[in-house]
Amino acid sequence: MPTSQVISRHVIAVIVDNEPGILARVVGLFSGRGYNIESLTVAEVSHARHQSRITIVTSGTTMVIEQIKAQLARLVPVHTVADLTVESPCIERELALIKVRCTGEERIEALRIADIFRARALDATHNSFVFELTGGTEKLDAFCSLMEPLGLVEISRTGVVAIARGPTAIGEAAAA
Amino acid sequence: MTAVIAPEAPATSATRTMTGAEMVMQALKDQGVEVIFGYPGGAVLPIYDALFKQNFVRHILVRHEQAAVHAAEGYARSTGKVGVVLVTSGPGATNAVTGLTDALMDSIPLVCLTGQVPTHLIGNDAFQECDTTGITRPCTKHNYLVKRIEDLPRVLHEAFTVASSGRPGPVVIDLPKDIQFATGPYESLVGRAHPTYRPRLDAEDALIDQALDHLVRAERPIIYGGGGIINAGPEASEALKEFVRLTGFPCTLTLMGLGAYPASDKQFLGMLGMHGTYEANLAMHHCDVMLNVGARFDDRVTGKLTAFSPNSTKIHVDIDPSSINKNVRVDLPIIGDAGRVLRRMVARWRERGLSARTDALPLWWGQIEEWRRRDCLSYRRSDSIIKPQYAIQRLFEKTKDRNVFITTEVGQHQMWAAQFFGFDKPNRWMTSGGLGTMGYGLPAAMGTQIAHPGATVIDIAGEASILMNIQELSTLVQYRLPVKVFILNNRWMGMVRQWQELLHGSRYSESYSEALPDFIKLADAFGATGLRATNPAELETVIDTMLATDGPVVCDIAVDEKENCFPMIPSGAGHHEMLLGPEDKADPVATEEGMVLV
Ligand SMILES: Cc1ncc(C[n+]2csc(CCOP(=O)(O)OP(=O)(O)O)c2C)c(N)n1
Ligand SMILES: [Mg+2]
C-alpha cells in the first residue's frame, strides 16, 4: 500500500471562541466533508477569555488529516489547531462510569478486576456497582470487555482529552 | 455553550446612541456601501424604516431574494467591493441560500443581512421563523446571530472584514426584530483588525526563490491562473501579465480566471478544463513544471486525478491553506495573496537576473503550436442557420470597442461564451463556476449594470436558464437598467442533452424545452424590448439594434438545436482523452467510472 493511502489515527486539539454555534460548525465540517470522528470532547478552558478546547480523535490519510487541520483553522472563531499525534508525544486520557449488575461469585470477580484496573467504586448496592475508571482508550475498552460477562449494563464515557508532554503549551513554538 | 461577552468598547466621543436598525444603516455608510439589494418583509421593517429616513445608501428592490444575492455577486465581482443584501426572515432567508452557496463556491465577498423573529420567539416555530444561522452555516464563510444590541456594531463591521479578507466569501448577519428596535452605543469600527482571523498575505522570499528555481530550470513550464487572481484585484492581473511576459512561458486560465491574462495575447493558450482548449489541456498534461496561482485544482479542471499532469513539479500559490493538497498533491505550496506573490516573483526574477531556458523553451512552444494547429474550437459554418459559436463571435466582434461586461447563465452557452468571447481585462466576466447556478446571469448583470451605469452589460443566456430568474426583467425596467439578454435559444437544455447523447445512448429524458414562451411578447409584457434572429443575416441586425436600444433588451437568437460543445473531456477521463468534435465518440470503458461523476 503506498504511504499516501495509509490511514492513521490523530488526536487534534482546537482552541476556539466559546460562542454559540461553534460546536455545530466543527461537527458540520466533519459531516459535510465526510471526515471521521472517533471521539469529540468540548469544555470551556478559559472563562476569562471565553475559550473552549475541543479534542477530536479522527483518522484518515495524510492528505485528509492535513485537510482537516486546514479546514478547522479557517473557521473564523478558531484560534489554534494542534495535531497532538504529530507535534510531540502526548498523553491521552478518558474517564468512564460503568454500571455492573451482579451477585455472588460474579460480584467478587467484578471487584477483583476493578482493583487490578484501579477503578473506584462510586456506588454500590446489593446487586450492582458503578465504577469510575480513568485511562487510555484501550484500558477502558479492556475493562469493559472483562465486565461484560459479569453483568455490564451501562457505560458512560467522556471521550479522549489529550495534552502534549513537556513544557510547551498549545499554540506556542516548541521551546529550544 | 454560553454566549461570548464582547469586551465593551470604551465610550469615545465618536460613540452615539441609536437603534439597531439605525446602526445597520450607519455601519453601511461607514463601510462606504452605496447600494444594497433587497426585499422587505415583517422581520426587517425597522431596517426598511431606517433606510427610508436616509439618503446615502441606495436600495435596489429585486423580485426574488435569490436574485438579490446574485445581483450583489455581480456588483462585487465587477467592482472588487463587498456586495450587500437585505432580506427578511424565513422564506426571505431560505430564498437567499442558493445565492449564498454560489458566492461561497466562487469566493465572492458578500454581507447578507437577514431579519429574524424577536429573540424571545426564537425556537418557537414562530411565523416566518427559520434557523437561518443553522441553514446557512455550511454555505457561508461565517455567520452571526446577534442577540444583544451591544454586539451589533462589532458584528456589522467584523462581517465586512471577514467577507473581504483572505479568501473572500459570503457572511450572514441574522438580526432579530427586537434587536433592530433596541438602542445602544454605536461606534464606527471600520478597518479594525479581527482578533483572531488574520489570513497570511505575504510569502517568504525563500519560497518565492524556490519556485523560481523550479521554473527557471523547466523545459516545459506552464502558468495556470484562477479566480484568486481576480479576487486579488486588478494589480494581480497586471503582475501576472508581467510575469508571463518576463518568463516567456505559456499561460492558461480557469473559467473563473478569464480576463486575468489578456485573451488576445500570443502566450495565452485559452481556458483549460472540461471544455478547455486542446493546447491548454495538453500543455497541462505534458508540462514538467506547473505554476498554479489562485486556482484550486477543481475537478472540472483536473479530470481524472490519477491521470492529471502526471510528470510535473507543481507549485501552488493560494491564500487559503485548505486549498493546498486538497485534490492534487503539490511539491511547493506557497500561502499568500496572488497579487503580492506574483509581484514578488517578478521582482526576484529581475533581481536575480534569471532567464528561462533558451534551449528548451522554443521546442516547447513548437509543440504547443502544433497542438494549436488542431484548431480545436473550429466548427462547421452555416449560411442558413445560426451556429451558437458564431453568434458569440459576432457579439464579441460588435462589442469590441465598447466598455463591455458579460454575465452568463449555465450550460452550453456559458462554455461557448468562455471559449469565444475574449477578455483582455479582469472583472469583466461574471459566471457561476463552482455551483453552476442556472438563473445567475440576469440578476448578476443587473448588479453589474448598477455598478457600471454607462457600460454595455450582456447576459449570455440559454432559453432554459433565463426562465429561472426571468422576473428580474421587472427590476431592470423599474431602474431603467439597460441590460441586454442574449439568449442562445437551442430549444434544449443543451448541456443536459449533450451528456445524454454522449453518455446515455441519446435517451433525451426531460431535456427538451417544451412550451417555451414567446420571448418577444414576454419582453414586451415587462416593458422591455424583444428582438428575434433566425438566420445569420438577422443576427447582424439584431445585435446592432440591441446595442442601439437604450433600455433593457431580450434577444431570442434561434441557434442550431443539435450543436454540441467541444472540446470535451468526459467526466472521469484524463486531459489526453479529449473529444474534439462530433466524430469522436465517448469511449465506453472510460465512461463507466466517469458516469457516476457529475
Ligand atoms: C439551478 C440548476 N438546475 C439544474 C442545473 C443542471 N443543468 C446544467 S446545464 C442545464 C441546461 C441549461 O439549459 P439552457 O439554459 O437552455 O442552456 P444550454 O445548455 O442549452 O445552452 C441544466 C438543467 C443547473 N446547472 N442549475
Ligand atoms: Mg438551451
Side-chain angles (χ1 to χ4, degrees), chain A residues 2-6 12 14-35 40-54 60-83 86 170-171, chain B residues 1-7 101 104 107 119 122-123 131-148 151 154-155 158-159 161-163 165-167 169 171-172 174 194-200 305-306 318-330 333 335:
Chain A
T3 49
S4 62
Q5 293 306 309
V6 175
I12 296 172
V14 193
I15 303 295
V16 300
D17 282 328
N18 183 6
E19 64 175 38
I22 180 63
L23 191 57
R25 238 175 257 289
V26 170
V27 172
L29 180 82
F30 276 74
S31 62
R33 292 185 183 268
Y35 307 141
L40 183 146
T41 68
V42 56
E44 189 171 72
V45 289
S46 165
H47 188 64
R49 277 177 291 168
H50 314 287
Q51 287 179 354
S52 291
R53 180 177 178 123
I54 301 176
T61 61
T62 319
M63 224 159 137
V64 167
I65 298 294
E66 289 304 315
Q67 261 300 297
I68 290 175
K69 289 186 276 183
Q71 293 289 353
L72 285 168
R74 82 207 269 259
L75 296 178
V76 173
V78 166
H79 292 250
T80 312
V81 177
D83 187 339
V86 168
I170 187 166
Chain B
M1 280 193 210
T2 53
V4 199
I5 320 279
T101 312
L104 183 71
S107 310
T119 44
I122 290 179
D131 177 6
T132 302
T133 45
I135 291 171
T136 61
R137 200 170 283 127
C139 64
T140 51
K141 181 171 172 185
H142 195 49
N143 64 15
Y144 304 87
L145 168 61
V146 183
K147 285 182 160 175
R148 306 183 334 147
D151 295 335
R154 175 184 59 84
V155 167
E158 201 176 288
T161 308
V162 171
S165 54
R167 180 175 177 177
V171 175
V172 161
D174 200 23
H194 191 278
T196 54
Y197 182 68
R198 305 266 170 87
R200 182 139 41 106
L305 277 176
T306 48
D318 206 297
I319 199 157
D320 178 4
S322 77
S323 285
I324 307 282
N325 290 334
K326 183 171 64 180
N327 307 326
V328 171
R329 243 231 182 272
V330 297
I335 308 293

Please classify the contact between B/N327 and chain A as side chain, backbone, both or neither, with a heavy-atom cut-off of under 4.5 Å. backbone
Check A/S52 against A/V42 and note the closest heavy-atom contact, atom names and distance. CB-CG2, 4.3 Å
Would you mind checking which part of B/V328 comes under 4.5 Å of any heavy atom in chain A, side chain (CB onward), backbone (N, CA, C, O), both or neither? backbone
Examine whether an atom of B/R329 lies under 4.5 Å from a heavy atom of chain A, and if so say whether it belongs to the side chain, the backbone or both; otherwise answer neither. both
Any side-chain heavy atom of B/N325 within less than 4.5 Å of one from A/T62? no
Donor-acceptor side-chain pairing of A/H79 and A/D17 below 3.5 angstrom: yes
Applying side-chain hydrogen bond (donor to acceptor under 3.5 Å, both in side chains) to B/T136 and not counting sequence neighbours gives B/N143
If you count heavy-atom pairs under 4.5 Å between each of A/G28, A/P77, A/A43 and chain B, which one has the most? A/P77
Heavy-atom contact with chain A under 4.5 Å, split by part of B/I324: backbone
From A/I12 CD1 over to A/I54 CD1, what is the distance, rounded to the nearest 0.5 angstrom? 11.5 Å
Sort out for me which of B/K326, B/E158, B/K141 touches chain A most, counting heavy-atom pairs under 4.5 Å. B/K326
Hey, is the main chain of A/V76 close enough, under 3.5 Å, to the side chain of B/T196 for a donor-acceptor pair? yes
A/V16 side chain near A/R25 side chain, heavy-atom distance below 4.5 Å: no
Using a 4.5 Å cut-off on heavy atoms from C-beta on, say whether the side chain of A/V81 contacts that of A/V14. yes
Please output the residues of residues 64-73 of chain A in contact with chain B, using a heavy-atom cutoff of under 4.5 Å, in numerical order. A/Q67, A/A70, A/Q71
Tell me, do B/R167 and B/S323 make a side-chain contact under 4.5 Å, heavy atoms counted? yes
